[in-house]
Amino acid sequence: MPTISGFSKAIQSAIIPGGPVGAFNVPGDLQPSDTLLSVLHITDGNPATAVERKSEFSITAGKANSVTNTTTVTTGGFLYVTWVRND
């Protein structure tokens, strides 16, 4: 969960396993007031592929360290989640 420095607000990221539609635990300090920047669905292969799925995800209302997927099953892949802290 690296924090990228040099921006006016902290940008954080995490890589988590994909899964069925629903909520995903995100390690780090993701808060309901933060802004989701990107969710890349990465699938292993030759070559590996990445599909931007931010429009299908949101930070789970009222719950820290959680994003919710409403559309696509991502089982077998990984999700690279990036967000900005709104402290």
Side-chain angles (χ1 to χ4, degrees):
M1 301 139 327
T3 297
I4 302 168
S5 62
F7 292 95
S8 62
K9 296 183 182 245
I11 296 175
Q12 297 183 342
S13 63
I15 297 176
I16 59 175
V21 170
F24 291 82
N25 290 327
V26 179
D29 191 18
L30 175 63
Q31 298 298 316
S33 61
D34 293 344
T35 300
L36 194 60
L37 295 177
S38 176
V39 178
L40 284 177
H41 176 200
I42 302 168
T43 305
D44 193 14
N46 191 12
T49 60
V51 176
E52 176 59 61
R53 299 212 182 274
K54 179 184 172 229
S55 65
E56 301 174 24
F57 281 81
S58 61
I59 296 173
T60 307
K63 185 174 179 186
N65 301 324
S66 180
V67 293
T68 300
N69 171 3
T70 60
T71 308
T72 302
V73 173
T74 57
T75 302
F78 290 88
L79 302 171
Y80 181 58
V81 182
T82 307
W83 66 93
V84 64
R85 291 303 315 268
N86 288 323
D87 297 325

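Small disclaimer: the values here were computed from a predicted structure and weren't measured.
For Thr75, the side chain to side chain contact (heavy atoms under 4.5 Å, CB included) criterion is met by Pro20, Val73, not counting sequence neighbours. The side chain to side chain contact (heavy atoms under 4.5 Å, CB included) search around Asn65 returns Leu30, not counting sequence neighbours. In this structure, the side chain to side chain contact (heavy atoms under 4.5 Å, CB included) partners of Thr71, at least two apart in sequence or on a different chain, are Glu56, Asn69. Taking Thr68 as the reference, Thr60 meet the side chain to side chain donor-acceptor pair (under 3.5 Å) condition, with sequence neighbours excluded.
Pairs passing the salt bridge (Lys or Arg N to Asp or Glu O under 4.0 Å) check and including a residue from residues 61-80, sequence neighbours excluded, do not occur. Judged as a salt bridge (Lys or Arg N to Asp or Glu O under 4.0 Å), not a single pair has a partner in residues 15-25 (not counting sequence neighbours).
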Result block: side-chain N/O donor-acceptor pairs under 3.5 angstrom for residues 38-46, not counting sequence neighbours:
residue : atom : partner : partner atom : Å
Ser38   : OG   : Glu52   : OE1          : 2.7
His41   : ND1  : Arg53   : NE           : 3.1

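Between the Asp34 side chain and the Asn86 main chain, a donor and an acceptor come within less than 3.5 Å of each other.
When each of Leu79, Val81, Thr70 is tested with Phe57 by the rule side-chain contact (heavy atoms from CB on, under 4.5 Å), just one qualifies, namely Leu79.
In this structure, the side chains of Asn25 and Ile16 stay at 4.5 Å or more apart for every pair of heavy atoms.
For the atom pair NZ (Lys54) and CG (Leu36), the distance works out to 6.0 Å, reported to the nearest 0.5 Å. Arg85 CZ to Thr35 OG1: the interatomic distance, rounded to the nearest 0.5 Å, is 10.5 Å.
Of all heavy-atom pairs between Ala14 and Trp83, the closest is N-CZ3, 3.9 Å.
Taking Ile, Leu, Val, Met, Phe, Trp and Tyr as members and joining any whose side-chain heavy atoms lie under 4.5 Å apart, directly or through other members, Val51 forms no hydrophobic cluster with any other residue.
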